[in-house]
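For reference, the structure discussed in these notes is given below.
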Amino acid sequence: MLRTALRNVLAHKARLVMTVLAVCLGVAFVCGTLVFADSSAAAHRAAASKNFADIAVTVSPKDPPPGTAANQHADVLDDALVRKLAGVPGVAAVRPSVDGVATLNAADGTPLRADKAWAHPAAAYVPGKDGKDSRYPLVEGHAPTSGDELAVDSGTAAAGHLRIGDTVTLATDGPVMTKRLVGIVSTKDTRVTAGGTLALFDRATAQHLFATPGHYTGIDLAAAPGTGQSELSRRVLDVLPAGRAEATTGRAQAARQATNVDMQTRGYKKLPMVFAGVSLFIGSFLIVNTFTMLITQRTREIALLRAIGATRRQVVRSLLLEALLVGLAASAAGFVLGLGIASVLPDLLGTGADPLPHGPLVIGPRSVVAALGVGVGVTVLAAWLPSRRAAKVAPVEAMRTAGQPPTATRSRVRAVAGLALLALGAGRLISLMGAKDASESNLQNAMLGCAVLVVAMIVLAPPLAAPVIRLTGRLTGRFGITGHLARENALRDPRRTAATASALLISTALVAGLAVLGNSASQALDRQAAAGLGADYVISTRSTMTGIDPAAVQRVADTPGVRTANAVTDSTVFAGGGVREISGVDPATVKDVMKLDVTSGSLADLGPGRIAVSSTVAREYGVRAGGRINAGPRAARRSPSST
């Protein structure tokens with residue numbers, strides 16, 4: 001039986017080419033996406049590790065308790081603490097830093113990276129004893145030394161068409177400023193290398209913009225040889241003001257920053273998986289169709305094997321072995337093709353404004369297992385039904401005819417099953433017609449309903465094939481004997497005709513369904529955004545990380561004709577292993593500008609240490625009104641918020 005399986009595979013190479021190609025493409029997209037995800041995550045971690053390679057511990061102000069002023073601990077990091085930390089055993093070097101955010105304009109006046117809330121870091125250029133800041137090696141020009149000077153990274157300069165000596169327009173948390181570009185630097189900061197911008201000021205200017213004169217937002221410590229990060233962190237904690245400052249190891253900061261950037265770019269990894277699913281879905285029906293035709297052609301051969309002693313189990317095993325060989329060949333080819341896809345995905349998905357990190361390909365065990373499992377699994381499972389059907393044919397009956405028409409009972413069962421699936425899919429879609437939001441769960445239910453409808457049409461295809469062919473045959477009859485022969489040939493085996501048309505049916509249904517779903521989801525999101533907004537006008541900045549002057553809120557509120565002006569502050573936190581977006585509002589006026597359906601609790605209870613979450617987040621964390629949600633420290637140091 002093994003030799004028979006090998007001979008049959010070699011004898012039908014032409015027919016199996018399309019099957020191998022379909023499985024190969026599906027495996028390639030699955031493998032390529034997994035390798036791309038692993039490689040991208042490794043590149044993020046490597047870049048973040050390089051960014052914090054010289055940092056053993058970072059000291060930063062601790063968040064004040066709820067109900068206290070937000071800047072209560074802002075003045076804890078000063079020159080006195082810098083000198084104190086320099087005397088801690090195991091500290092090799094101390095480097096204070098001043099970090100914030102700033103949105104830069106390109107040479108033509110348009111904001112750079114305005115759509116990226118996390119990609120606008122700004123900092124102070126703090127030179128060491130050698131007069132250089134090792135974090136930002138100079139590429140061109142010199143470091144900023146006065147309040148009217150600025151330095152940027154080479155990527156920002158290229159994207160904004162900025163040159164040394166140009167006047168750059170920028171904004172932090174106040175009015176627009178102009179500064180002269182005096183230097184271009186390089187950086188390993190993953191927020192910048194992943195498509196962000198970088199602005200560097202002299203120390204005094206950065207302190208004025210992001211802290212207070214003489215104070216810092218962080219102090220980076222380098223460890224002496226033989227001193228571990230955890231050990232140094234414990235020593236540093238002993239000398240810090242209790243409850244006012246905290247120490248974080250460089251490894252922890254690198255992990256947080258890598259996670260933050262990875263979460264922001266995770267959407268790039270979903271698109272290839274969609275192509276993989278579509279390819280495998282169509283490929284599975286191509287496999288069924290191909291093996292069904294092969295078995296039909298070899299009915300007499302199978303019957304002869306049965307007549308000379310082959311059991312039904314041996315026939316099934318022989319055919320499944322053929323599918324296994326085809327699956328292995330397709331998986332191997334798909335795996336190699338997937339590596340090529342993974343290597344070019346960063347360039348295909350990224351753009352000049354939104355580059356993705358590059359790095360060596362990371363081929364993990366799950367990529368290899370997925371390639372073999374998907375390729376072999378889909379092929380063998382798709383070939384199982386035709387092989388079972390062939391093995392059930394009696395030897396004498398098979399040798400009398402090349403095809404066995406389905407029994408009336410089987411046809412009725414198929415029709416009932418198809419109608420049930422049709423009703424189930426249509427019912428699910430009808431139930432979503434009254435949905436008021438474009439939530440992910442509703443979108444998933446809609447896609448599931450469409451998939452059930454497609455399966456229902458495939459199940460109903462053989463019973464419907466004959467009536468449809470007779471109806472359309474009136475048109476082909478106008479082509480004379482050629483049209484008549486085509487009609488009769490299609491009617492001779494409705495199952496074969498339906499199987500051949502299934503691949504085209506699936507492809508057309510998927511393309512049309514995805515187009516309709518995408519357009520419907522877009523319109524639903526627009527309606528949802530409008531329905532959730534109670535305000536008549538929205539004033540915002542082009543960048544969500546650059547805030548509006550708080551005094552502007554009061555000026556807007558005092559404008560004749562304005563009834564209510566509500567300030568909104570946006571930021572991010574780590575929660576549940578990912579990055580969450582949060583918004584701060586005024587509880588007294590939020591109902592006037594936002595349409596929120598409160599299902600539990602009250603917005604009047606909002607305050608320090610008390611938040612409101614969406615029902616989706618509540619279900620995800622399993623909490624109710626009055627429960628607790630743990631949110632971790634921020635991925636980046638505190639930055640000005642938007643209003």
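Below, each value reflects all heavy atoms present in this structure, side chains not excepted, and no hydrogens, waters or symmetry copies.
For the atom pair Leu85 CG and Leu240 CG, the distance stands at 6.0 Å (nearest 0.5 Å). The structure places OG1 of Thr205 at 9.5 Å from CZ of Phe210, a figure rounded to the nearest 0.5 Å. Between Asp220 atom CG and Ile55 atom CD1 the span is 3.5 Å, to the nearest 0.5 Å. In this structure, Leu232 CG and Leu221 CG are separated by 6.0 Å, a value rounded to the nearest 0.5 Å. Interatomic distance, OG1 of Thr58 versus CG of Asp99, reported as 9.5 Å (0.5 Å rounding). Note that CG of Leu81 is 4.5 Å distant from CD1 of Ile219, once rounded to the nearest 0.5 Å.
Here the closest non-hydrogen pair linking Gly32 and Ala342 is O-CB, 3.5 Å. Taking both residues in full, the closest heavy atoms of Thr249 and Gln229 are given as CB-OE1, 3.5 Å, listed atom of the first, atom of the second, then distance. Here the shortest heavy-atom pairing between Arg203 and Ala124 reads CA-CB, 4.0 Å. For Leu77 against Ser60, the heavy-atom pair with the smallest separation is CD1-CA, 3.9 Å. Heavy atoms only, all atoms of each residue included: Ala211 and His215 are closest at CB-O, 3.8 Å. Val452 and Leu421 get closest at one heavy-atom pair: CG1-O, 3.2 Å.
Residues Thr187 and Arg135 fail the side-chain proximity criterion, which asks for heavy atoms closer than 4.5 Å. Between Thr172 and Val101, the closest side-chain pair of non-hydrogen atoms is not below 4.5 Å. With a 4.5 Å cut-off on side-chain heavy atoms, Glu246 and Pro61 do not count as touching. Proximity of Thr103 to Leu170: side-chain heavy atoms (C-beta onward) are nowhere separated by under 4.5 Å. Residues Val35 and Ser367 are in side-chain contact: their nearest non-hydrogen atoms beyond the backbone lie under 4.5 Å apart. When side chains are defined from C-beta on, Leu209 counts as touching Phe201, because their heavy atoms get closer than 4.5 Å.
Between Tyr216 and Asp79, the side chains place a donor N or O and an acceptor N or O closer than 3.5 Å (distance only, hydrogens not considered).
Looking only at distances, no side-chain donor or acceptor of Ser233 sits under 3.5 Å from a matching main-chain atom of Ser230.
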* Asked: Run the side-chain contact (heavy atoms from CB on, under 4.5 Å) check on Asn105 and Leu112 step by step: do they pass?
  -> CA-CA 6 Å; Asn105 279 359; Leu112 290 170; over 6 Å; no

* Under the side-chain contact (heavy atoms from CB on, under 4.5 Å) rule, what do Val57 and Thr248 come out as? Steps first, then yes or no, please. => CA-CA 5 Å; Val57 176; Thr248 308; over 6 Å; no

* To do: Applying side-chain contact (heavy atoms from CB on, under 4.5 Å), run through Asp153 and Leu200 and close with a yes or a no.
  => CA-CA 9 Å; Asp153 69 286; Leu200 295 177; over 6 Å; no

* **Pair Thr197-Val192, side-chain contact (heavy atoms from CB on, under 4.5 Å): steps then yes or no** => CA-CA 5 Å; Thr197 63; Val192 181; over 6 Å; no

